[in-house]
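Working notes, structure below.
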Amino acid sequence: MNTVIVGTQWGDEGKGKIIDILSENVDYVVRYQGGNNAGHTVVAGSREYIFHLMPSGILHKGKICCIGNGVVVDPQVLLQEINNLRASKINIFGRLKISSLAHVILPYHRILDLLRETKRANKIGTTGRGIGPCYADKISRCGIRMIDLLNPKVLRDKLKDNLKEKNEVFKKVYGHPGFDFDKIYKEYLSYGRLFSSYITNTHLLLNKASKDKKDILFEGAQGTFLDIDFGTYPFVTSSSATSGGACIGTGVPPVKIDKVIGVAKAYTTRVGEGPFPTEFSRSFGCFIRDKGNEFGATTGRPRRCGWFDAVMLKEAVLLNGISELAIMKIDVLDGLKTIKICTAYKYKGKAFSEFPYDLEVLKGLKPVYKQMRGWPKTINNPKRYRDLHPCAREYLERLSGILKSKISMISVGSAREATIFK
Ligand code: IMP
């Protein structure tokens, strides 16, 4: 069975936890887009791990974890994650595979990301990790790939060519001194040597695995509304964060995908700039943010919080082909008298229930809410669906009804054990 796990909101839905749980029953876990802008949190026993590049299945013995061709890799960050895992005595030898076709983040990508943000009138609020500029080079056909790190001549020629143009732009447009060829060349050749045993044609490996009836879990990063096409553009990331990205970003064809599971928080969060129809007022937003510990796993930035937006979710179900949902962090809503679900929008007096893509409409619309009864505590032990507070069940059933999707997993805490399977 080949399953895609996809974020249905603006990222940070809790995909890391779901991937970690489902990893136990699969053979391969594959990241297919994004880079170290992602921060997937996994709590195992008393330890919390935050992965930025490493697939979240890496904690499970014997699972093969791939970084697909659609991912952009910052070698410095990858090295750090490999070293951290080694220090935690987690053996990754023979288990980590990096696509030779994945593009590499270089120092000029990181700096350009930051410089562009400072110059922009309408800031995106990027993570500053060089993601956008790296994908831009990929599309402009001047990117450097993992395989290039293994070939000194190819790396030299590509880097020389790139720096010739980029250093001019850095100096003339941004007043930045530019970058030294020798320093980058040496550093990136050394990454090539360090990673040579991990770099391989993962698309061949995964297609063979699929042919051999192995189970593959495709780990989406970010979320549907950060997708480069379907997100709230331009306040998006630079990759295909919807389920379709799993095929492009791994070389496994669409006919081989069996199932798509969408992950959503029981409310909504967003980091960075951009429209957010159901955003809470400042004081209530701070309250939920502190209760849910809503701070970015990558940048530590406070996340903006709001009510569950079923209009967005319906769009996400459609775009991703979601047949099952995992609803996360429902316990954060404990103790509220009433809980709201956004079921439609109103703009200039007109109500509608399709997600709008016009930025002016998105910024100016008013959400239409369905009000639900709250509950004091989601669950007391033991953890079965029928043990959930009746009002929490009512909330979940209402969501499932609106979205016409089965809710198969409910997360009531950060630990692996705090998960209900329905
Ligand atoms: P970039 O991906 O660093 O270019 O950032 C573009 C936008 O996507 C910004 O609003 C970021 O805050 C957001 N973003 C990128 N990665 C994540 C993520 O993993 N979770 C939540 N937001 C993200």
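What you see is a predicted model, and the numbers here were worked out from it, not measured in a lab. The chain is numbered in sequence order, starting from 1. We count ligands from 1, going down the list as the structure has it; atoms in each ligand are counted the same way.
- Q222 CG, 3.6 Å is the protein heavy atom nearest to atom 17 (C) of ligand 1.
- Taking a cutoff of 4.0 Å between a charged side-chain nitrogen and a carboxylate oxygen, K329 and E294 qualify as a salt bridge.
- Between T237 and ligand 1, a contact under 3.5 Å exists for at least one N or O pair.
- Contact check on D309 versus R270 returns no salt bridge, with no Lys/Arg side-chain nitrogen under 4.0 Å from an Asp/Glu carboxylate oxygen.
- The six-membered or imidazole ring of F352 lies away from that of Y347, with a centre-to-centre distance of 6.0 Å or more.
- Here R270 has no heavy atoms under 4.0 Å from ligand 1, in either its backbone or its side chain.
- With a 4.0 Å cut-off on non-hydrogen atoms, T127 touches ligand 1 through its backbone as well as its side chain.
- Only the backbone of W10 comes within contact range of ligand 1, with a heavy atom under 4.0 Å; no side-chain atom does.
- No N or O atom of R129 sits closer than 3.5 Å to an N or O atom of ligand 1.
- Between F355 and F225, the distance from one ring center to the other falls under 6.0 angstrom.
- If you check which protein heavy atom lies closest to atom 22 (N) of ligand 1, you get L226 CD1, 3.5 Å.
- Only the backbone of V236 comes within 4.0 Å of ligand 1, judged by heavy-atom distances.
- Looking at I228, T126, V271, it is T126 that brings a heavy atom closest to atom 5 (O) of ligand 1.
- Using a 4.0 Å cut-off between a side-chain N of Lys or Arg and a carboxylate O of Asp or Glu, E273 and R120 do not qualify as a salt bridge.
- Ion pairing between a basic and an acidic side chain is recognised when a charged N comes within 4.0 Å of a carboxylate O; E417 and K383 show no such pairing.
- Residue S238 has no nitrogen or oxygen atom sitting less than 3.5 Å from a nitrogen or oxygen atom of ligand 1, judged on distance alone.
- With hydrogens and angles left out, the side-chain atoms of H40 and E219 include a donor and acceptor closer than 3.5 Å.
- Looking at ligand 1, you won't find any N or O of I131 less than 3.5 Å from one of its N or O atoms.
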